[in-house]
Structures are given as structure tokens and as C-alpha cells.
Amino acid sequence: RSRIVMRERDAQHLAAIVRSSPDAILSQNLDGAITSWNVAAEQMLGYPALEVVGQPIDRLLFPERQGPQLDMLRRIREGAAVERQETTWRRKDGQPIDVLLSGSPLRDQAGKISGLSIIAHDITALKQAMAQLSEQDARLSLVVSATKTGVWDWDLRTNGMYYSPYWKESLGYAPDELTDSPVEWETRLHPDDRERAFALVRAFLDGEIPTYTLDHRLRHRDGSYRCIRTQALLRRDEQGAPIRMTGSHVDITEQKQAEHALRQSEERFRRYFELGLIGMAMTSLDKHWIEFNDQLCTIFGYSREELRQLTWADLTFPADLEVDVAQFQRVLEGTINAYSIEKRFVHKSGTLIYAVISANAVRREDGSIEYFVALVHDITQWRRTEAWLKQSEITLQTFFDSSPIMMGVVQVLTEDILHLSDNRATAEFFGLAPQDLRGRTARQLGASQAVVELWLSHYRRCAQTGRPVHF
């Protein structure tokens, strides 16, 4: 009797996890037919359970990519566990979806393999973000290579400074030979320029002057002084306080590529806890712990003993507590049985953790709540990626707008050049505003036939070779 009760309880545990998981979870028998299909799988792939249960998994696979995926399924049937294999599946509408797969064999009571379980995490958005970062990095590298311009970026909140490799190279240093500190600029200023340079910076930060242009000398590694011209723009917060200063001696040629992978793998209830691919917990109605896995400790930075002394409310960022409590109350009232929200937690170190928490109520036969199953996905790196993408876009646009070198994006026509986007320096050269150049050809702007043909020859050579052209 007790064994039957334990099996029923484990089945309830597993069912709660499968229902509340944001990832697609499916299982197959040894004949290759799908035997289970959760709600997340329906939402991710577009197939209702009734359409796929009993059907082979082949309908999810693109013919040209079946080989590696069928090999993965074969290895699982032979008893191997597979984690974090990236592949592409096909939705019901025919559209591809990038997924990260984890799988393991299912065994019967005798220990014999009876099927396999697969967890699929949608990484389409992550792939798009990484492609964006890669494209931005390529564009920035091309701009720096073509213009031979250094870049600096000063975060006024942390006093952290970024110097591009060419900024350092122009003073005779390798990329790793200078620190990311304003001192590197200050100590290399010519003595006769120091007072004037510092006064200009103060005036710009205080809002006494609208623009920043400085001609000054910096000491080279060989002891000589190089004359540097820099122009800069300033970003302020909503209260008008300066928070970032970016100059045309600044460029971002190296970017941190965001890596975001939500680890998931769920099998039977105990195995989910042991694998530790995601934070999991069972909590009572008063939000105290019944059980939690090691991954949850890792996410929050506490030992098991320390975490047992805390509640969900203790870990939650105060501003997010009200929303969480409201959803929890709806479950207690019976309005909903589960919820999933994005919220912030506070790490033991005091830093913020961004996470998606999914909570599901496990009820007794009479409908009363016995406990809650909670899954915690740490998406901190993903949020940092989003912030980095936004900052990269701002920095690139700032550099483009503020550069003293003529820069623009043009379309090479058969016998002319069409201006698509130009910076302030280019517009000033033509005596127009940047927006007045857009959509006009070189001839319409007064360029002679000889000049247009010269530009066309250089632009075509650049397009053919894929390398910068200097002229």
C-alpha cells in the first residue's frame, strides 16, 4: 500500500512539473511513436496533443537534418543521456524553430528501457540576438578599419573607461597594455594642455557648453607628443545628470557576445532534482521549503542550510513582491491553478537576478492545495544581452553622428551614387543638414562627372574585394 501511495505521489510530482514547464516535454515508445505531449509543446510547435500522440516524431524533423537527430534518439534508446544538443525542428505551419534538446531513456519497474523522454527549449530569440551582435561587431570593425579612428567611452556612474585598440595603438600600445581607467588619458596629457582640457570637460558636464571639441596632445610611448582632435556627445538621465560621455576617438571593436542557455532536463521527479539543470522547489502554502535542488542554491548563492532559513518573500526584490503575492492569492482562491511571471530576486551578494518563475499547485483529491511546485529559470545573462544590444546601438550611432570624418551609407547605382544616410561631417561638407542629403544622388549634390566616376570606381572595387578602400 505504501509503495502504491509513493508511486502515485511521484506521478503527481512529475505531472505538476510537466504542466508548469515553459519547455516542450514529450516522450516516445521504442517504436518511435509519440506517447505524451505537454501544453508547452503545443504552444511551441503548433500541434495539439491529439494530432501528434501516436504519430512518429519524423513530422517535426526536416529531411536534410534527420540524420543527427535520429542518431541522438538511437543513443537514448541504447541507454545514453543526451544534454544540450542544438538542432532545428519544424512547426505545424512549416516554419523552422531552433531548439536545444535534452533527452534520457525511460525505464519500467524492472529497469528495462521502455521509451525515451525529450525536453526542447526554444532558442530562436537567442540565435537572433547573437546574429545581431555578430552583425554589429562586423559593422563596427569595418568602420574602425576604414576610418583609422580611435574611440573612447566613459561611464560617469562607475568611472569606467573603454579605449578601443586603435586608441591604444595610436599611442604605441597593444590592446592589453593599458587599463580601462581615465587616468590613462589624464597622465598622458601634455602639461600645457591639462588645465584647458579639464576645464572643457567640467564645462561640458555642467551644461555650460553645448558641444565638446578638443585639440590636445597626448604622450606617445616613445616620449613624443601626438596632436589629437576629439569630439564628444553626452547622455543624461531623466533628471538631467550626465551618465555617459562618448567621443569620436572612441569605437567599440570588441563586444561581449551574449551567451544565454537555460539549462533544462526533466525525467522522473527525483531525476529532475538530481540533474540540477534548472532551479526547482516544492513549497508549502506558507511559502516555506519542503524540498529544493542544488541548482536553486546556485542561482541564489546560498548554501542549503542558509536557504532553508529564508522564504520566497525574503529572496524577492521588494518592488516585485506585490505582483507575485497577487498571483499566489489567485491560486489560493481557486481562480487559477498555476502562473508564470518574470521577476527579480536578490542574490546573496546583493546583486539582482532576473528569472522566470513558474508555479503550479498540486491539489489533494478534495481540491485543497497540498503544496506548490516551482521552477526557476535564470535569465540574467539574457537581460544583460538586451541591455548590451541597446548600448551598442547607442554607441555606434553616437560615434557615427559625432565623428569629424565624413561618413555615410550610399547605394552604388549604374552611373551615380545615392545617399541613404550621412553624418554631420558629411552634411557640413555639402552645406546641408543630414536629412537633406538622404535620397539625393552625387550629381544632384553638385559632384562633377569626373568625381562621380572616381567614387564609383573605388566603391565598386571595395564591393568586389570586400576590403576597405582608402582614397
Side-chain angles (χ1 to χ4, degrees), residues 1-42 44-45 47-61 65-87 89-90 99-121 262-282 290-295 360 362 365 371 373 375:
R1 172 63 179 177
S2 62
R3 291 182 180 179
I4 294 176
V5 171
M6 289 180 64
R7 284 199 296 269
E8 290 177 350
R9 180 175 293 274
D10 281 350
Q12 282 186 323
H13 294 167
L14 178 60
I17 290 175
V18 172
R19 285 195 303 270
S20 61
S21 174
D23 295 329
I25 301 178
L26 57 143
S27 59
Q28 283 184 280
N29 59 25
L30 294 179
D31 295 327
I34 296 172
T35 56
S36 68
W37 185 266
N38 73 343
V39 175
E42 294 184 356
M44 183 186 299
L45 298 164
Y47 288 100
L50 290 176
E51 292 186 18
V52 293
V53 172
Q55 299 297 318
I57 199 172
D58 296 14
R59 66 171 55 193
L60 304 178
L61 312 181
R65 300 180 182 178
Q66 282 190 2
Q69 297 182 56
L70 293 178
D71 180 64
M72 182 194 81
L73 298 177
R74 176 189 58 76
R75 285 188 286 126
I76 296 175
R77 292 190 189 99
E78 293 175 353
V82 177
E83 295 183 12
R84 300 166 61 89
Q85 177 166 315
E86 186 177 323
T87 188
W89 277 0
R90 178 168 52 193
V99 293
L100 197 64
L101 301 180
S102 296
S104 57
L106 298 176
R107 300 178 184 272
D108 57 23
Q109 294 182 357
K112 183 179 179 181
I113 296 177
S114 59
L116 55 97
S117 175
I118 299 173
I119 302 172
H121 178 62
L262 293 175
R263 296 167 55 195
Q264 65 290 315
S265 178
E266 299 165 357
E267 213 178 328
R268 294 179 183 262
F269 182 71
R270 293 296 171 187
R271 180 171 291 271
Y272 282 106
F273 270 71
E274 293 168 0
L275 289 178
L277 298 178
I278 190 173
M280 301 182 192
M282 296 186 339
I290 298 174
E291 188 174 356
F292 53 83
N293 67 352
D294 291 337
Q295 181 63 16
N360 191 90
V362 176
E365 291 185 4
Y371 58 87
V373 173
L375 308 180

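Along the sequence shown, residues are numbered consecutively beginning with 1.
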At their closest point, which heavy atom of [X] faces which heavy atom of [Y], and how far apart are they?
X     : Y      : answer
Gly54 : Ala33  : O-CB, 3.8 Å
Ser27 : Leu106 : CB-CD1, 4.0 Å
Ala24 : Ala40  : N-CB, 3.9 Å

Pairwise side-chain contact, Ile57 with Leu26, heavy-atom cut-off 4.5 Å (strictly under):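 With C-beta onward as the side chain, the pair touches.
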Is [X] reaching over with its side chain to a backbone N or O of [Y], donor-acceptor style, under 3.5 angstrom?
X      : Y      : value
Glu42  : Trp37  : no
Asp108 : Ala110 : yes
Asp23  : Ile119 : no
Arg107 : Lys112 : no
Asn293 : Met280 : yes

Working to the nearest 0.5 angstrom, can you tell me the gap between Leu30 CG and Leu116 CG?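 Spacing of CG (Leu30) from CG (Leu116) equals 7.5 Å.
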Could you give the distance from CZ (Arg59) to OH (Tyr47), rounded to the nearest 0.5 Å?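 Between Arg59 CZ and Tyr47 OH, I get 5.5 Å after rounding to 0.5 Å.
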Please assess Leu100 against Glu86 for the test side chain to side chain contact (heavy atoms under 4.5 Å, CB included), listing each intermediate value before the final yes or no. CA-CA 4 Å; Leu100 197 64; Glu86 186 177 323; 4.0 Å; yes
Pair Met44-Trp89, side chain to side chain contact (heavy atoms under 4.5 Å, CB included): steps then yes or no: CA-CA 10 Å; Met44 183 186 299; Trp89 277 0; 5.8 Å; no
